[in-house]
Amino acid sequence: MGLEDRRGATDDVYQPAEDSYLLADAAVERLSETATDADAKPLVLEVGTGSGYVANRIDEETDANVVAADLNPHAVRQARDEGLEAVRADLVAPFADDALDAVVFNPPYLPTDPDNEWDDWMERALSGGEDGRAVIDPFLADVGRVLAPDGVVYLLVSSLTGVDAVVEEAGEYGFSAVALADESFPFETLTVLALYPARIP
Ligand SMILES: C[S@@+](CC[C@H](N)C(=O)[O-])C[C@H]1O[C@@H](n2cnc3c(N)ncnc32)[C@H](O)[C@@H]1O
């Protein structure tokens, strides 16, 4: 089955699919458990927002303030059309140190043979390069910088990418990982990981 057939694709912007639903359900459930008062609403960033579906669910179903970001300008436009605050950004590059209470990401993760790579926005939404981690790796390298000390990352990972490999790599960047939810399909199992930064005593 081709990559285009595997996930909910339109021409330019990835539309919500099973991975989006699993991540949104897990993030909403966890963020709803966080007690807040009006002056201390958690600030949540969704990286790679696509249509804005996950950010919208968090915005509508929790007390959090949500910012949506994507490299794809068509996605930023669609998210803004949904009423979200959306910015064009490469991963977490423009965000300030220690600024975010949670970062949510459903990354491009499908392992792709270099000979089968194509060059459009849907490829950027789907392909995780040869090992599936071409976007996850730089994300893990920088996301700790923007998280508040008690912050958390909610990351969607597929068995096709290798959950253990992602957990191990996250550990190298000082995160401990907990699996919050998973769902199996004929060709993959999807897992939502919560990544917690190491606390310095
Ligand atoms: C699998 S789609 C997920 C879309 C949406 N969050 C969802 O769950 O339905 C991955 C998204 O990541 C975006 N993306 C890919 N590389 C990126 C990067 N370096 N920085 C920001 N967004 C990126 C893609 O444009 C795409 O919208």
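Quick caveat: nothing in here was measured; it's all calculated off a predicted structure. Both counts, for ligands and for their atoms, begin at 1 and track the order of listing.
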Show your working on side-chain hydrogen bond (donor to acceptor under 3.5 Å, both in side chains) between Glu188 and Tyr109 and close with a plain yes or no. CA-CA 12 Å; Glu188 67 182 333; Tyr109 64 70; 3.1 Å; yes
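- Ligand 1 has an N or O atom lying under 3.5 Å from an N or O atom of Glu46, backbone or side chain.
- The closest approach between any non-hydrogen atom of Pro108 and ligand 1 is below 4.0 Å.
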Go through it in stages, so that I can follow the logic: the residues are Arg57 and Asp25, the test is salt bridge (charged side-chain N to carboxylate O under 4.0 Å, His left out), and I'd like the CA-CA distance, side-chain angles, deciding distance and then a yes or no.
CA-CA 8 Å; Arg57 289 273 316 272; Asp25 288 347; 2.9 Å; yes
Exercise for review: May I have the step-by-step check of side-chain hydrogen bond (donor to acceptor under 3.5 Å, both in side chains) for Thr112 and Ser127, ending in yes or no?
Suggested key: CA-CA 6 Å; Thr112 310; Ser127 171; 3.0 Å; yes
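- With salt bridges taken as basic N to acidic carboxylate O contacts below 4.0 Å, none links Asp63 and Lys41.
- Below 4.0 Å from some heavy atom of Asp90 lie the following atoms of ligand 1, by number and element: 18 (C), 19 (N), 20 (N).
- Residue Ser20 approaches ligand 1 through these ligand atoms, each under 4.0 Å from one of its heavy atoms: 7 (C), 8 (O), 9 (O).
- Under the side-chain contact (heavy atoms from CB on, under 4.5 Å) criterion, Ala177 pairs with Val167, Leu195, not counting sequence neighbours.
- Looking only at side-chain heavy atoms (C-beta outward), Ile58 and Leu31 come within less than 4.5 Å of each other.
- When heavy-atom distances to ligand 1 are checked against a 4.0 Å cut-off, Val54 comes that close only through its side chain, counted from C-beta outward.
- Close to ligand 1: Ala89, with a non-hydrogen atom less than 4.0 angstrom away.
- By the 6.0 Å contact criterion, CZ on Arg124 is open, its count of non-hydrogen atoms from other residues, nucleotides or ligands being 12 or less.
- Taking the ring pair (Phe, Tyr, Trp, His ring centres under 6.0 Å) definition, one finds that Phe139 meets it with Phe105, sequence neighbours left out.
- Considering backbone and side-chain atoms together, Trp121 places no N or O closer than 3.5 Å to any N or O of ligand 1.
- The residue Leu156 has no part lying near ligand 1, judged by heavy-atom distances below 4.0 Å.
- Relative to atom 24 (C) of ligand 1, the option among Asp70, Leu22, Asn72 with the closest non-hydrogen atom is Asp70.
- Taking only non-hydrogen atoms, the option from Gly50, Gly48, Gly128, Ala55 nearest to atom 6 (N) of ligand 1 is Gly48.
- Within the 4.0 Å heavy-atom shell around ligand 1 one does not find Leu23.
- With a 4.0 Å heavy-atom cut-off, ligand 1 is reached by no atom of Ala75.
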